[in-house]
Amino acid sequence: MSAPRMVAALVGGSLLFAGAAAPAAFAAGGATAEAAPPRASVDGGRHIGAQTVTLTAEADAEIRYTLDGTTPTPRSPLYTEPLRIDETSTLTAVAYTDDGRSAPLLEGYFIKADEEPLAQFAVMSDIHLSSDRPDLVAKWETYFDALARIAPEPDAIISNGDQINDNYYNSAADHRFPRAMLEQNLARTGMDDTQVLLSFGNHDDYVQRMAAEYPADWFPQETENGGYYQTEIAGFPAFIVNTERWNSTQASWLYGRLSSLTADPETTGSPIFVFGHRPLPATVWDGAQSSNSGLRSNLADFPQVVYFSGHSHLNINDERSIHQDAFTSVNDGSMSYGETDSVYQSFGNGLVKNATLASAQSVLVEVYDDRVEIDRINYAADEGRTYDENGVWGFQKNPPFASTGTVAGPTWVIARGADGAATKAAFTYTAANRNAVAPVWADAAEPTVRRTDGGLVLRLPQAQDDQYVKSYSLVLNDVTAGEPANFLTARDRINAQYTQMPRPEVLQIPLGLRAGNSVTGPIDRELTLGHVYEATLVAYDSYGNAAEPRSFRFVAGALDRVALDAALAEAEEIAATVRRVLGEELEPGTADLGIHIADPAAALAALAELDEAVSQAPTEIPADAPSGPSQDAVDASAVHISALSDGIADHLVAVDRAGLADALAAAGDTVATVRGKAPWKRALVDAYAHADALRTTLNVSQTRLDAATDDLEAALAHYLAKIDD
């Protein structure tokens with residue numbers, strides 16, 4: 001038991017967080033600068049077979065961990081022995097100390113069977129690299145370092161369109177930047193023999209002007225101005241199509257070659273990889289941002305086809321990023337920034353409906369005799385927004401990122417069949433097999449609404465799902481006014497930050513809407529302070545499966561003072577204890593005799609600092625007051641006062657007077673019979689008098705108590721020996 005808690009038990013003082021709500025920084029497990037993240041004995045990357053991972057942290061730290069992409073909490077599994085990681089997953093671990101918790105350790109483990117893939121290639125899309133700024137150069141180096149840990153020698157890397165940021169067909173020269181980035185990183189990571197293949201995207205200027213900027217084998221031109229070609233990846237047929245110029249000529253070319261391959265006994269059971277920048281209708285993400293229905297029809301006769309697309313920037317965490325009906329379609333993500341459905345996200349102190357995400361992702365494909373495995377890789381999934389509150393577009397700064405190399409979702413497995421019919425019969429990522437399990441609130445803590453310096457914030461402990469919670473609806477009813485609040489509707493959705501790694505346990509949702517749905521707009525809709533509101537929340541997964549509604553009431557602007565009041569009560573008790581033990585004006589109690597303060601001056605100085613903090617603690621204010629302390633200030637004061645109380649408690653040392661009492665009891669009757677002034681008689685009387693005086697003297701050290709006990713016991717023994725003689 002630590003000194004502060006031991007003293008609280010001795011003096012009967014209430015503990016700061018006993019039976020009270022902890023301040024946000026502790027309840028949410030806020031990171032501290034002092035605690036270093038745990039360390040893992042095995043680095044993330046591609047591994048053959050299960051891995052045994054040992055975690056270490058600084059002395060006296062407690063390690064909590066998860067393997068499902070969520071943020072570890074004090075309720076997460078406690079690390080006590082090496083972990084066995086036997087499937088592809090992200091290990092997240094934090095170290096808890098007396099001051100809070102560390103930043104997380106994140107390691108992505110891609111666990112594979114002891115079987116050499118027949119082919120291995122990475123598919124990246126939407127690089128959008130039109131600069132060689134130092135931060136971009138550093139970012140891409142970390143991305144390739146992560147790829148090299150997962151696939152040190154891939155057969156190919158496909159950049160699936162939008163290498164640059166051209167918008168007006170005048171930026172072809174910018175292709176020198178992605179070319180240099182690829183050449184430098186391939187050489188730097190030892191991927192010199194890796195094949196590079198490019199497709200043409202809507203931001204790549206013109207086909208021929210793009211082709212002129214790259215080696216011919218990166219972007220072959222089978223037909224003039226075509227932008228499409230046939231190739232192989234480790235012997236498997238591959239096609240690059242031009243989704244920006246889809247026409248009958250290209251359609252006839254592709255259909256004829258696919259027909260030949262699937263009719264040939266040598267290749268009829270082979271997967272055929274097709275890469276095109278744009279997604280196809282009624283495929284990935286339910287057809288979002290799709291085009292080229294003719295290309296979809298063209299591929300429909302060939303179940304062996306696996307079609308990869310980008311363009312949408314839609315994230316690959318969402319299980320709708322793979323789709324199977326007539327063939328397999330795969331969304332390969334985006335390496336610049338991500339997107340999701342148009343949902344409300346927090347930008348500073350307000351909510352804005354926005355689809356962009358500060359993330360970067362791609363897929364890695366491995367081909368085996370009986371299957372194709374597709375792994376989803378995060379390159380940037382740290383918390384952040386694409387725009388700041390001033391409307392400046394900027395993110396993924398200062399690499400490396402903790403999330404680089406983590407797992408964006410379970411491995412997709414596509415079975416290979418002997419022919420097209422057998423391949424199609426084994427499809428699993430179909431509409432009929434869509435997940436139907438709804439999220440649940442389980443044991444999620446009660447939501448709360450906090451008054452912060454920037455406005456009201458909903459602290460929402462997340463619901464749980466067998467995959468992940470994607471979004472929430474929030475409907476507010478103004479109970480005081482007797483009408484619905486002018487805020488979000490039941491159709492609106494709030495992002496659950498499901499693409500973040502690790503996913504947060506508690507969402508911080510500002511309860512203010514920005515004017516014009518602009519990240520720079522002022523807050524023009526917020527709640528009325530002092531009014532009672534009923535909030536109804538519903539959690540949704542990516543398929544629209546909905547949890548049961550959860551409702552709670554709150555007073556807008558009311559402060560939660562439970563933790564502060566507990567801290568003030570503890571401070572008052574410990575201050576009174578110090579004053580009683582030091583004999584300052586207060587009537588001491590029996591318990592005060594059990595405490596010793598070795599350095600009274602230091603204890604009084606600490607007490608003066610505590611008194612000052614108590615005097616400056618936020619006072620009660622009405623919920624509808626337009627200004628006053630925030631919940632953050634209240635919680636910060638509670639933490640500060642508690643820390644000062646603990647500091648004073650370090651000066652208080654428990655002493656045990658039982659031995660002294662026993663010695664006095666043992667000698668009492670004998671001392672009452674002592675007569676005469678012989679030295680050995682006087683020694684017993686003096687020892688008894690000294691011990692008896694210490695029995696009621698405040699602030700006596702254990703050393704003095706033990707010495708008085710020993711002296712009395714020795715004097716009594718000597719006296720009895722003399723009497724016997």
Side-chain angles (χ1 to χ4, degrees), residues 42-51 67-69 85-92 106-125 142-160 189 191 194 233-234 236 271 273 275 284 306-310 314-324 328-335 338 359-381 403-416 428-429 467-468 498-499 501-502:
V42 180
D43 291 335
R46 187 181 191 274
H47 295 280
I48 303 300
Q51 299 296 299
L67 292 169
D68 62 357
I85 299 179
D86 55 10
E87 62 181 12
T88 294
S89 53
T90 296
L91 166 65
T92 308
L106 288 164
E107 295 286 354
Y109 297 97
F110 296 81
I111 306 300
K112 298 295 180 178
D114 188 9
E115 179 182 0
E116 191 70 21
L118 305 174
Q120 182 190 67
F121 57 91
V123 190
M124 298 179 174
S125 186
T142 66
Y143 290 178
F144 263 83
D145 288 342
L147 178 62
R149 290 194 296 272
I150 303 167
E153 297 178 332
D155 294 303
I157 292 177
I158 296 88
S159 181
N160 203 9
T189 56
M191 300 181 188
T194 295
I233 301 174
F236 290 93
F273 301 109
F275 306 92
V284 293
V306 183
Y307 177 74
F308 293 89
S309 63
L314 289 165
N315 66 85
I316 57 177
N317 305 78
D318 196 302
E319 294 301 328
R320 292 176 296 165
S321 284
I322 187 169
H323 175 273
Q324 291 180 312
T328 300
S329 299
V330 177
N331 166 36
D332 55 40
S334 164
M335 289 297 291
S359 61
Q361 301 173 313
S362 77
V363 297
L364 180 73
V365 183
E366 294 186 339
V367 184
Y368 297 90
D369 281 329
D370 61 345
R371 68 197 185 281
V372 175
E373 295 186 358
I374 302 176
D375 285 304
R376 297 176 267 177
I377 305 171
N378 285 319
Y379 293 91
S403 58
T404 301
T406 56
V407 180
T411 303
W412 291 320
V413 180
I414 303 168
R416 291 181 57 181
T428 58
Y429 303 102
Q467 294 178 336
Y468 55 83
Y498 66 102
T499 60
M501 183 60 67

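What you see is a predicted model; the values in this text were computed from it and never measured.
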**Student:** What pairs with Gln120 under side-chain hydrogen bond (donor to acceptor under 3.5 Å, both in side chains), at least two apart in sequence or on another chain?
**Tutor:**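 Per chain and number, Gln120 pairs via side-chain hydrogen bond (donor to acceptor under 3.5 Å, both in side chains) with Glu366.
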**Student:** CZ/Arg320 to OG/Ser329 distance, rounded to the nearest 0.5 angstrom?
**Tutor:**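 Rounded to the nearest 0.5 Å, the CZ-OG separation comes out at 14.5 Å.
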**Student:** Determine yes or no for a side-chain-to-main-chain donor-acceptor pair under 3.5 angstrom, with Asn315 supplying the side chain and Asp318 the backbone.
**Tutor:**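 Here the side-chain-to-backbone pair exists.
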**Student:** Please assess Glu153 against Thr194 for the test side-chain contact (heavy atoms from CB on, under 4.5 Å), listing each intermediate value before the final yes or no.
**Tutor:** CA-CA 7 Å; Glu153 297 178 332; Thr194 295; 5.7 Å; no
**Student:** How many angstroms lie between atom CE of Met191 and atom CG of Asp155, to the nearest 0.5 angstrom?
**Tutor:**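 Rounded to the nearest 0.5 Å, the CE-CG separation comes out at 11.5 Å.
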**Student:** Are the side chains of Val365 and Phe236 in touch, meaning some heavy atoms are under 4.5 Å apart?
**Tutor:**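 Counting from C-beta outward, Val365 and Phe236 never come under 4.5 Å.
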**Student:** Would the distance check show the side chain of Asn331 and the main-chain N or O of Gly333 forming a donor-acceptor pair, the cut-off being under 3.5 Å?
**Tutor:**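 It does hold such a pair.
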**Student:** Could you go through Ile414 and Gln324, starting from their C-alpha distance and side-chain angles, then the distance that decides it, and tell me whether this counts as side-chain contact (heavy atoms from CB on, under 4.5 Å)?
**Tutor:** CA-CA 10 Å; Ile414 303 168; Gln324 291 180 312; 3.8 Å; yes
**Student:** Is there side-chain contact between Val123 and Ile374, with at least one heavy-atom pair below 4.5 Å?
**Tutor:**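 With C-beta onward as the side chain, the pair stays apart.
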**Student:** How far apart are the closest heavy atoms of Val284 and His323, and which atoms are they?
**Tutor:**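 In this case the closest contact between Val284 and His323 is N-CB, 3.9 Å.
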**Student:** Over all heavy atoms of both residues, which pair between Ser89 and Leu67 is shortest? Give the atoms and the distance, please.
**Tutor:**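 Closest pair (atom of Ser89, atom of Leu67, distance): CB-O, 3.5 Å.
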**Student:** Walk me through whether Val367 and Phe273 qualify under side-chain contact (heavy atoms from CB on, under 4.5 Å).
**Tutor:** CA-CA 11 Å; Val367 184; Phe273 301 109; 3.6 Å; yes
**Student:** If I compare all heavy atoms of Gly405 with all of Ile377, which pair ends up nearest, and what's the gap?
**Tutor:**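 Taking Gly405 first and Ile377 second, the nearest heavy atoms are CA-CG2, 4.4 Å.
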**Student:** From Leu364 CG over to Met124 CE, what is the distance, rounded to the nearest 0.5 angstrom?
**Tutor:**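 Answer for the CG-CE pair, Leu364 versus Met124, is 9.5 Å.
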**Student:** Under a 4.5 Å cut-off applied to non-hydrogen side-chain atoms, are Val372 and Trp412 in contact?
**Tutor:**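 Sidechains of Trp412 and Val372: no contact.
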**Student:** Which heavy atom in Pro410 sits nearest to a heavy atom in Glu319, and how many Å separate them?
**Tutor:**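 Taking every non-hydrogen atom into account, CD-OE2, 3.8 Å.
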**Student:** Tell me, with the steps shown, if Asp68 and Tyr468 meet side-chain hydrogen bond (donor to acceptor under 3.5 Å, both in side chains).
**Tutor:** CA-CA 9 Å; Asp68 62 357; Tyr468 55 83; over 6 Å; no
**Student:** Check whether Tyr379 reaches the backbone of Ala146 with its side chain - one donor and one acceptor, N or O, closer than 3.5 Å.
**Tutor:**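 The answer is no, because no donor-acceptor pair under 3.5 Å joins these two groups.
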**Student:** Donor-acceptor pairs under 3.5 angstrom involving side-chain atoms of residues 108-118: please list them, not counting sequence neighbours.
**Tutor:**
residue : atom : partner : partner atom : Å
Tyr109  : OH   : Val42   : O            : 2.5
Lys112  : NZ   : Glu373  : OE1          : 2.7
Lys112  : NZ   : Asp375  : OD2          : 2.5
Glu115  : OE1  : Arg371  : NH1          : 3.3
Glu115  : OE1  : Arg371  : NH2          : 3.2

**Student:** For Tyr307, what residues pass the ring pair (Phe, Tyr, Trp, His ring centres under 6.0 Å) criterion, not counting sequence neighbours?
**Tutor:**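 Not a single residue meets the ring pair (Phe, Tyr, Trp, His ring centres under 6.0 Å) criterion with Tyr307.
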**Student:** Rounded to the nearest 0.5 Å, what separates atom OG in Ser309 from atom CZ in Phe275?
**Tutor:**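 Reported to 0.5 Å precision, the distance equals 11.5 Å.
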**Student:** State, to 0.1 Å, how close Ile316 and Ser321 come at their nearest heavy-atom pair, and which atoms those are.
**Tutor:**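 Scanning both residues, the minimum pair turns out to be CA-OG, 3.5 Å.
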**Student:** Looking only at heavy atoms, which two atoms of Thr142 and Thr404 are closest? And how far apart?
**Tutor:**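 For Thr142 versus Thr404, the nearest heavy atoms are O-CG2, 3.9 Å.
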**Student:** Please name the residue in the list Arg376, Gln361, Gln467 that meets the side-chain hydrogen bond (donor to acceptor under 3.5 Å, both in side chains) test with Asn317.
**Tutor:**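 Among Arg376, Gln361, Gln467, the one meeting side-chain hydrogen bond (donor to acceptor under 3.5 Å, both in side chains) with Asn317 is Gln361.
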**Student:** What distance do Glu107 atom CD and Thr90 atom OG1 have between them, rounded to the nearest 0.5 Å?
**Tutor:**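 One gets 9.5 Å once the value is rounded to the nearest 0.5 Å.
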**Student:** What's the verdict on side-chain contact (heavy atoms from CB on, under 4.5 Å) for Asn378 and Val407, showing C-alpha distance, side-chain angles and the deciding distance?
**Tutor:** CA-CA 6 Å; Asn378 285 319; Val407 180; 6.0 Å; no
**Student:** Could you tell me whether the side chain of Asp145 reaches within less than 4.5 Å of the side chain of Thr189, counting heavy atoms only?
**Tutor:**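 Sidechains of Asp145 and Thr189: in contact.
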**Student:** Nearest 0.5 Å please: distance from the CZ atom of Arg46 over to the CG atom of Leu147.
**Tutor:**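 CG of Leu147 is found 12.0 Å from CZ of Arg46.
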**Student:** Do Ser125 and Asn160 have side-chain atoms, one donor and one acceptor, less than 3.5 Å apart?
**Tutor:**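 Not at all, the side chains of Ser125 and Asn160 share no donor-acceptor pair under 3.5 Å.
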